[in-house]
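To start, the structure itself, in structure tokens.
Within every chain, numbering begins at 1; the chains are lettered A, B, ... in the order of the sequence lines, protein sequences first and strands thereafter. Only this structure's heavy atoms are used, side chains among them; waters, hydrogens and symmetry mates stay out.
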Number of protein chains: 2
Amino acid sequence: MPQIDTGSGSPAPRKRADARRNEQNLLDAAAAAFVAAGVDVPVRDIAARAGVGVGTIYRHFPTRADLIVAVYRHQVEACAEAGPALLAAVGSPHTALARWLDQFVDFLVTKHGLAEALRSDDPAFEALHGYFVDRLVPVCAGLLDAAVAAGEIRADTDAYQLLRGVGNLCIGARDDARYDPRRLVQLLVAGLRRRRDEPATR
Amino acid sequence: MPQIDTGSGSPAPRKRADARRNEQNLLDAAAAAFVAAGVDVPVRDIAARAGVGVGTIYRHFPTRADLIVAVYRHQVEACAEAGPALLAAVGSPHTALARWLDQFVDFLVTKHGLAEALRSDDPAFEALHGYFVDRLVPVCAGLLDAAVAAGEIRADTDAYQLLRGVGNLCIGARDDARYDPRRLVQLLVAGLRRRRDEPATR
DNA sequence: CAACATACGGAACATTGTTCCGCTTGCCAA
DNA sequence: TTGGCAAGCGGAACAATGTTCCGTATGTTG
């Protein structure tokens, strides 16, 4: 890639105007398509909505994960920032953890197919998984650590596993009225609690 | 579902010998293919293994679910029968439930892609979901009821939801060394426990 | 052994992801 | 303003896979 340096250390090779316009159109079209048909919506459909050819999608977003990350980045960031905020606002770290996970569940179940994609073994989704893990596992770990420090939960639970588990519980929640992931996540969080006479760690 | 006729009205026109042979070959081939490449293995691969054309597969097993159910029927039955057996053999129903779910998890994680298929919204898997629900939810409900009756857990948990949750937790377990669904199922089961000063029902 | 219904094989079609290349167009310099 | 060129575009083409359909082969029966 040619770098046009404009003074200080600004590695911003300005893209062509039509390219920038198309990228924005694609983001909007993808967001709409995701809502209408889930994150598995055919590439052709997104291209049609954006009024571009499929080649243009692949040029801007080489994998589907890139597109999904771009569409949901803001919301993931918001979720990540809510962790420390809750910890500060709520007295009990265990309660803060429960609330944060609730928020995470809300996010996942409202994004048709996102929880499934997070778990897919399709290499096209690897980057998606990676992004979520990088951004959210540390936040979850912070909440867990605080709860352990407060003596509310046992110290033997891994943030990655917990988050994966919660993500998994959200799969298919939209299509099944009899199934409520929030309830199960509550149970899971309840299961973390230190039993009354247990030592804090083991 | 095959009809077993026992005497009266006989709607059982015996199938041709080659048809019966092919059906068995297909079951064997499918079982091998599932182990080698997961339950999502391409239809053509199964056909090639069995030495038949793809048309023959669709004739005997119209949907993939039919084939999967046929291959795993024995093991699902065994799992279903283990429920009452554990209840009888183990003193605490809550412990029996935990053991039974452990067994269920073992079954799911060793069948590449089965947990995913159970949760898929692909209509081809609807019958699979239905079979598992019909066969295992009552067993799970029996264990839950016994645990409630013994005062070990709260009475507000639905067998279907619990089983769906456990199934979900098993998704992708094979491909991720950092993830252990057994651990999370344990937490979930621990979360069911009645808190010490809580009423038995609410 | 003849006739017929059953069952088979695999070509053909549909859907979707992905690549590739000839053409168009924004951008910059002259 | 205009000429030239690299960036960017569109969509045809290819690949993988599920599913259908029909001409053909074969087991079964009288």
Given atom [atom1] of [X] and atom [atom2] of [N], what is their separation to the nearest angstrom?
X	N	atom1	atom2	answer
B:D66	D:dG18	CG	C1'	15 Å
B:I57	D:dT17	CD1	P	14 Å
B:F61	D:dG18	CZ	P	16 Å
A:F125	C:dG17	CZ	P	9 Å
A:Y58	C:dG17	OH	C1'	5 Å
A:R20	C:dT25	CZ	C1'	14 Å
B:D18	D:dT28	CG	C1'	10 Å
A:D122	D:dT17	CG	P	12 Å

Whether the side chain of [X] engages the backbone of [Y] through a donor-acceptor N/O pair (distance < 3.5 Å, no angle test) should be reported.
X	Y	result
B:Y160	B:A141	no
A:W100	A:C79	yes
A:H94	A:G151	no
B:Q161	A:D180	yes
A:N168	B:N168	yes

Write out a two-atom table: protein N or O, nucleotide N or O from nucleotides 21-24 of chain C, distance below 3.5 Å.
none

Original post:
Looking at C:dC27, D:dG11, C:dA7, which one has an atom nearest to any side-chain atom of A:V54?
Top reply: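 Closest nucleotide to the A:V54 side chain: D:dG11.
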Original post:
Choosing from D:dG18, D:dT19, C:dC27, which nucleotide comes nearest the side chain of B:P42?
Top reply: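 For B:P42, the side-chain atoms sit closest to D:dG18.
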Original post:
Around A:E126, counting heavy atoms of other residues, nucleotides and ligands shown, do more than 12 lie under 6.0 Å from its CD?
Top reply: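 Check fails, neighbour count at 12 or below.
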Short side-chain N/O contact to [N] OP1/OP2 from [X], under 4.0 Å:
X	N	result
B:T56	C:dA7	no
B:N22	C:dC8	yes
A:H60	D:dC9	yes

Subject >> B:R182 with B:D106: basic N within carboxylate O range, under 4.0 Å >> reply: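 The answer is yes: the pair qualifies as a salt bridge.
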Subject >> DNA chain C contacts made by residues 44-52 of chain B, counting heavy atoms under 4.0 Å >> reply: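 DNA chain C contact set from residues 44-52 of chain B: B:R44, B:G51, B:V52.
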Original post:
Toward the 5' end of DNA chain D, which comes first, B:D40 or A:A19, by nearest nucleotide?
Top reply: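 Closest to the 5' end, via its nearest nucleotide, is A:A19.
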**OP:** Between B:V43 and B:R21, just flag the one whose closest nucleotide in DNA chain D comes earlier from the 5' side.
**Re:**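 By nearest-heavy-atom nucleotide position, the 5'-most residue is B:V43.
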Original post:
Distance from A:E23 atom CD to A:D18 atom CG, nearest 0.5 Å?
Top reply: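 So the gap between those two atoms works out to 11.5 Å.
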**OP:** Quick one: pull up CG in B:L144 and CD1 in B:I153 and give me the separation to the nearest 0.5 Å.
**Re:**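 The CG atom of B:L144 sits 4.5 Å away from the CD1 atom of B:I153.
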**OP:** Quick one: do A:F34 and A:H112 satisfy side-chain contact (heavy atoms from CB on, under 4.5 Å)? Show the steps, please.
**Re:** CA-CA 7 Å; A:F34 289 170; A:H112 200 162; over 6 Å; no
